[in-house]
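Data first, discussion second: the structure below is written as structure tokens.
Below, read A as the first sequence line, B as the second, and so on, with proteins coming before strands; counting in each chain starts at 1.
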Amino acid sequence: MDYREIDRKWQKAWDESRIFESDVSGKEPYMVTVAFPYVNAPQHIGHMRVYGTADVLARYKRMRGYNVLFPMAFHATGTPILAFAKRLKNNDKDLIAELKLFHIPDSEIAQMTDPLYIANYFVKEIENGMHRAGYSIDWRRKFVSIDPFFSKLVEWQFGILNSKGYLVKGKHPVGWCPNENNAVGMHDTKKDVEPDIEKETAIKFKVDGEDSFILCATYRPETVFGATNIFISEASKYVSCKIDGKGNYYLSKAAAQALKFQFNVEETSEISGSDLLSKRCINPSTNAQMPIFPGFFVDEGIGTGAVMSVPAHAPFDYVAIERLRKDGKALDIKPVKVIEMPANGVSEFAKAAARQDYFDMPALAYIELFKTGDSEDAALESATKLQYREESHYGKMMISGYEGMAEPEARERISKELLSGDKAIEIYVLANSPVFCRCGYNVVVKVVDNQWFLNYGNQEWKAKAKEAFSGIVILPEKSRKAFEAAIDWIDLRAVARSQGLGTRFPLDSEKIIESLSDSTIYMSFYTISNLIRDVPVESLKQEFFDYVFLNKGDAAKVSASTGIDFQLVKRCRESFDYWYRMTSRHSGPDLIFNHLTMYIFNHATIFDKPYWPKQIVVNGSVLSEGEKMSKSLGNIVPLVDAIEKYGADVLRSMVVASADLFSDSEFSEVAARGIDERFRYINDMAEKSGSMESGELRHIDYWLYSRINRKIKSATVQIERLELRGFSTGVIYDSILELKKYLARGPPNGIVVRDYLSSLVLLLAPIAPHISEEIWHMMGNAGFSSLEKWPSPDESMISDKIEAEEELLESVISDSKQVVSLMRKGGKEPKSIRLIVAEDWKRVLNNELSGSRSIKSVMEKINNAEEAARLKIGDGDREKAINYVQQLAKKINAVKPSVSTQEEEYNLLSGAREYLSESLSCSVSIELEAHSDSKRASNALPQKPGVDVVT
RNA sequence: GCAGGGGUGGCAGAGCCUGGCCAAAUGCGACGGGCUUAGGACCCGUUUCCUUUAGAGGAUGCAAGAGUUCAAAUCUCUUCCCCUGCACCA
């Protein structure tokens, strides 16, 4: 069996028969869409998870009789492709190495300095990979998000959003490269670090006798009540400046430079750090006089280059004051405690901080307890972090007006009060500074003016989105909460960028629509993309989309004003109306907080209710040999390589079906081998089954029928919920165990095996379509298994009884083996084994006990002659019956009702006698308890025949 | 910090919603045996501890602790730990 050959054979057959090209019909529609791939890299096996899962659903629904559409397009908007081209221009070695990993020839790489060339190349590459993976895609509908005709849809969409007032203008902080003069995201930084922007409160400390302020940035404005002095960097340059035309503020020159990206900063004079030391300030919250001291730890580049000193709550401040004291300075500075920890604090540190001896200096507690072999700065750093964290967690304010308030709440309140009282301003800082742009420059925070946002915070819109969301089936159901959180959380989203590929922003033609915002309703485009491919782009006017997607206006007028053929206009409307009624959307969990949420919002406001999303499926990722795939680990496996090596179906089963939706699946050599072996086994059995004789149905044949029908039933429930792990375990693994068990029971019955395999092969079709087709054909069927009807269970063939009886045989064997092995230990060799079938009155008692779970009532029945007769307990059996019930008393909860009668059990064992003696390598005889002279006879229980090993 | 998900035997991973048949499926690994010239494949058995020459009994056990219950991996509470996301970026 050569997977490669089978893959090619059936892919070709599918293509030639165009079975995945779907058009409007009388059947129920089912449309499956996946977050389209970004065309700046070839696919690796990780991509197979989401596309493969979607394909499994598409293939399953097709077999369920739906008219399934699985389209695909490509994403090329935004900056990554530009960045890619730029990196290649600069001969970026890492990128070239990555491309080589995917076997991209040098001649191609040489041409990849052109963004469009890159996009085209990867479009082809990815399409080829998807084709070889066997996805049932209708390729006629493909498009790229930078195609002009697609831009028309985006323009139309933004026209609607604007008319609803959802586009707003405002300020926004971004990571910024002063050298390249553009916004910097994760993709643009060295080591791919996301610039982490945080807000800080910069408090104004009035300088005594001057009309100016010292500006101190802090994360903990609530500690301003404990501020005793100010620290500056003695050796640094400071400036006095106006910020946005207001005030005279002292801050470090470095800080002033950085703040120019956030405010209009006018420097009016320069002053050295040491000259500042002679000034005094006033604490805006306590009106206390505060001296200015040099602080050994103050960095001119961080914050404002000036720090408000809170020695009670900041270890660095405390130590700086101590050092000054040693030099006879700052003698009158006393720490002021403003946050109290509970006396029974949870950590050692917190407990100490609350102790009397550290009464007003909790910082000291942290410092002392953190004294390690580390450098002092490192220890102080750790102490600071912990104190900050613990005070946030457990601390309560001691300041009147805020007494007892938890610190985070106080922080927010006090910050707001300072800001509204004009006692502070808000600045942005880079929390993970320094971050380097790829060009080598330090990234700063810039506040971008005139930024356009989509206002997802709009209450009306949010309410609509929630309404739409309530009607969506989320798989797996447990990710529903994440969506709810996302819908609540999403607020303003910047929507225009100054660079990148994509559609121009209608309200500012200098800008490009941001690349997640331009792809929130693109799935609707699939319904018409194949129809309008040759229509002149200019004709795709607003009224065309209004008619097609919103049913506004009429086709004749639209045709007249746009010049698009009347019939075509109507067909577009019909196509959208047909397909968009049932859609399933697929992606990874990383898109919940952006794309998928935006998808819901945009659909809710643009489309009418019948076309709102119906289902969203979120799946986990793929680990490679237990590790996350990453460039640095060098364990990225190109998709086409893996298909070549293992075959599409083994790979699909491993990547798509070996884990449940939410968990990561694992790609490994061992797993591949396991699946491969099982596929081969099924294939071999199918081959052999052709020549198997058929005969009358035996117990074990009914058993196999019961199993397969039960499997069809459970597998259908599982695939419906995309619980693919359970599904594939049942279909691939368990079914083989069942077949083996069946074969061990004697010569197989051809018709039964063939029926079993036929169902199995169809169940396998969604995950392993190529092999399914191959075996389906081998077994003499015409047509494609991909188009066969999904098997439906025959409930009448599902039998608990038959399955329980087969289990009985297994337990008889294992019981007997255990006895035999005990005998052998004692040096005795078994000659034969007598199996004794329990009498019917025991069965009756089992049923009574398992029903009532009451020893007492059953005993009463036995002792009552009439009842006993009804229960068919003869007078001679009464004594035995009482003993029996007493024997079961201990395990009353484990007593099960009896499934078969004495006669049935006897027949079962007799029928399986050959199998039993073979399994036990010993001759076996069956007898009834009533007629048995074995001393073990009374041990016989219903479902558990007595075993007498004769030596 | 906030939000979401999780913690099960050597490993992976079911079970948890709907408590009892759970010393816990299945796969992998390991060990012993069979088959084989040999290896692979395949087949059988073992894989928490103790006891047991009759199919068994007992102890411990599903992150830790407490609770509910006749009965807890499963329900409730507390604590600890891990993963993911926190935006203008695809």
Side-chain angles (χ1 to χ4, degrees), chain A residues 35 37-38 40 75-81 83 172-175 183-188 192 194-197 346 388-389 392-393 408 448 451-454 456 476-486 488-497 500 514-517 519 589-595 597 620-621 623 626 628 658-660 662-664 666 668 670-671 673-675 677-678 680-681 725-726 729-730 732-734 737 740 744 811-812 814-828 850 891-896 919 921 936 939 944-949:
Chain A
Y38 198 83
N40 67 344
H75 199 195
T77 46
T79 51
I81 293 186
H172 185 68
V174 293
V184 176
M186 194 163 76
H187 301 284
D188 314 308
D192 282 349
E194 178 77 46
D196 190 0
I197 296 167
V346 286
Y388 184 10
R389 195 171 77 210
S392 286
H393 214 145
V448 184
Q451 174 60 280
W452 283 96
F453 296 94
L454 261 177
Y456 289 111
E477 173 63 28
K478 66 178 156 196
S479 49
R480 188 162 204 102
K481 281 187 182 164
F483 277 94
E484 283 166 3
D488 277 332
W489 160 88
I490 195 169
D491 194 14
L492 292 175
R493 183 174 177 101
V495 79
R497 293 204 61 167
E514 181 270 322
S515 60
L516 284 183
S517 301
S519 30
D590 48 331
L591 296 190
I592 293 178
F593 277 81
N594 45 55
H595 167 72
T597 300
S621 57
L623 302 178
K628 211 170 171 172
S658 70
D660 278 327
F662 215 66
S663 357
D664 293 339
E666 179 145 14
S668 77
V670 179
R673 204 174 61 217
I675 294 164
E677 278 162 12
R678 282 162 181 88
R680 285 179 196 281
Y681 184 87
R725 185 192 156 85
T729 308
I732 302 178
Y733 293 84
D734 295 347
L737 293 179
K740 286 184 177 174
S811 63
V812 164
S814 93
D815 284 353
S816 305
K817 278 185 177 172
Q818 196 176 342
V819 175
V820 167
S821 87
L822 282 171
M823 309 243 17
R824 290 218 171 100
K825 263 195 199 168
K828 293 180 208 160
S850 66
K891 304 181 244 177
I892 178 103
N893 289 311
V895 174
K896 281 179 284 185
S919 303
S921 330
R936 308 268 173 210
N939 288 354
K944 195 171 168 60
V947 176
D948 188 357
V949 178

Inset, instruction - For B/A90, take OP1 and OP2 only and decide whether either is under 4.0 Å from a side-chain N or O of A/Ser515. - result: yes
Inset, instruction - Can you tell me the pairing partner of B/A63 across any strand shown, Watson-Crick or G-U wobble, with both distances under 3.5 angstrom? - result: B/U79
Legend entry - B/A63 to B/C11 separation - P atoms, rounded to the nearest Å: 13 Å
Legend entry - A/Ala659 backbone acceptor or donor facing A/Ser663 side chain under 3.5 Å: no
Inset, instruction - May I ask which nucleotide in the shown strands pairs with B/G85, Watson-Crick or G-U wobble, both distances under 3.5 Å? - result: B/C2
Legend entry - Donor-acceptor pair between A/His595 and A/Thr597 side chains, under 3.5 angstrom: no
Legend entry - Whole angstrom value for the distance that separates C1' of B/U26 from CD1 of A/Ile675: 13 Å
Inset, instruction - For A/Tyr38 and A/Thr77, indicate whether the former's side chain and the latter's backbone hold a donor-acceptor pair under 3.5 Å. - result: yes
Inset, instruction - Determine the interatomic distance between C1' on B/C75 and the same-named atom on B/U68; round to the nearest Å. - result: 8 Å
Inset, instruction - Look at the side chain of A/Ser479 and the backbone N and O of A/Ala482, then say whether any donor-acceptor pair between them is shorter than 3.5 Å. - result: no
Inset, instruction - Report yes if the side chains of A/Phe483 and A/Asp488 come closer than 4.5 Å at any heavy-atom pair, otherwise no. - result: no
Inset, instruction - For A/Glu677, report the nucleic acid contact type (base, sugar-phosphate, nothing); a contact means any heavy atom under 4.0 Å. - result: sugar-phosphate
Inset, instruction - State whether A/Lys478 places a side-chain N or O below 4.0 Å from either non-bridging phosphate oxygen (OP1 or OP2) of B/C17. - result: no
Legend entry - Side-chain donor/acceptor of A/Arg678 to backbone N/O of A/Ile732, under 3.5 Å: no
Inset, instruction - Could you work out the separation of B/C43 and B/C28 based on their P atoms and round it to a whole Å? - result: 10 Å
Legend entry - Same-atom distance (P) from B/C31 to B/C81, integer angstrom: 38 Å
Legend entry - Side chain A/Asn40, main chain A/Ile81, donor-acceptor under 3.5 Å: no
Legend entry - Among B/A54, B/C28, B/G55, the one nearest A/Asp815 by side-chain distance: B/G55
Legend entry - Of the listed nucleotides B/A3, B/A56, B/A14, the one nearest the side chain of A/Lys944: B/A56
Legend entry - Nearest-angstrom distance, P atom, B/G5 to B/G57: 41 Å
Legend entry - Protein-nucleotide distance (A/Arg673, atom CZ; B/G40, atom P), rounded to Å: 11 Å
Inset, instruction - Ignoring the backbone of A/Asn939, work out which of B/A54, B/C88, B/G55 is nearest its side chain. - result: B/G55
Inset, instruction - Looking only at side-chain atoms of A/Phe593, point me to the closest of B/G85, B/G45, B/C88. - result: B/G85
Legend entry - Nearest-Å distance once atom P is located in both B/A24 and B/A56: 12 Å
Inset, instruction - For A/Tyr733 and B/G13, give me the distance from atom OH to atom C1', rounded to whole Å. - result: 12 Å
Legend entry - A/Leu516 CG to B/C86 C1', straight-line distance once rounded to whole Å: 15 Å
Legend entry - Selected nucleotide, minimal atom distance to A/His75 side chain, candidates B/G55, B/A90, B/G5: B/A90
Legend entry - Side-chain donor/acceptor contact of A/Arg936 with base of B/A54 under 3.5 Å: yes
Inset, instruction - With the side chain of A/Val947 defined as its heavy atoms from C-beta on, choose the nearest nucleotide among B/A54, B/U26, B/G55. - result: B/G55
Legend entry - Partner nucleotide of B/C42 by Watson-Crick or wobble geometry (both distances under 3.5 Å): B/G34
Inset, instruction - In whole angstrom, give the distance that lies between atom CG of A/Asp590 and atom P of B/U84. - result: 12 Å
Legend entry - Length of the CG-P vector between A/Asp734 and B/G15, whole Å: 13 Å
Inset, instruction - Hey, which sits more toward the 5' end of RNA chain B by its nearest nucleotide, A/Asp491 or A/Ser663? - result: A/Ser663
Legend entry - A/Val949 side-chain proximity, nearest of B/U26, B/A90, B/A54: B/A54
Inset, instruction - Would you indicate what A/His595 reaches in the nucleic acid, counting non-hydrogen atoms under 4.0 angstrom: base, sugar-phosphate, or nothing? - result: nothing
Inset, instruction - Consider the side chain of A/His172, meaning its heavy atoms from C-beta on, and name the nucleotide among B/C88, B/A90, B/G55 that approaches it most closely. - result: B/C88
Legend entry - 4.5 Å side-chain heavy-atom contact, A/His75 and A/Pro37: no
Legend entry - Nucleotide paired to B/G10 in any strand shown, Watson-Crick or G-U, under 3.5 Å: B/C28
Legend entry - Residue-phosphate contact under 4.0 Å: A/Arg725 side-chain N/O, B/A12 OP1/OP2: no
Inset, instruction - Would you indicate what A/Leu492 reaches in the nucleic acid, counting non-hydrogen atoms under 4.0 angstrom: base, sugar-phosphate, or nothing? - result: base
Legend entry - Options B/G55, B/A87, B/C89, nucleotide nearest the side-chain atoms of A/Ile490: B/A87
Inset, instruction - Using a 4.0 Å heavy-atom cut-off across all strands, classify A/Gly946 as base, sugar-phosphate, or nothing. - result: base
Legend entry - Separation of B/A3 C1' from A/Lys481 NZ (nearest whole Å): 11 Å
Inset, instruction - Rounded off to whole Å, could you give me the CG-to-P distance for the A/Asn594 and B/U84 pair? - result: 17 Å
Legend entry - Distance, P atom - from B/G32 to B/G40, rounded to whole angstrom: 13 Å
Inset, instruction - Quick one: label A/Pro173 by what it contacts on the DNA or RNA (base, sugar-phosphate, nothing), any heavy atom closer than 4.0 Å. - result: nothing
Inset, instruction - Give one of base, sugar-phosphate or nothing for A/Phe662, where a contact means two heavy atoms less than 4.0 Å apart. - result: sugar-phosphate
Legend entry - Separation between the P atoms of B/A14 and B/U8, rounded to whole Å: 10 Å
Inset, instruction - Establish, with yes or no, whether the OP1 or OP2 oxygen of B/C42 is under 4.0 angstrom from a side-chain nitrogen or oxygen of A/Arg680. - result: no
Legend entry - N or O in side chain of A/Thr79 less than 4.0 angstrom from B/A90 OP1/OP2: yes
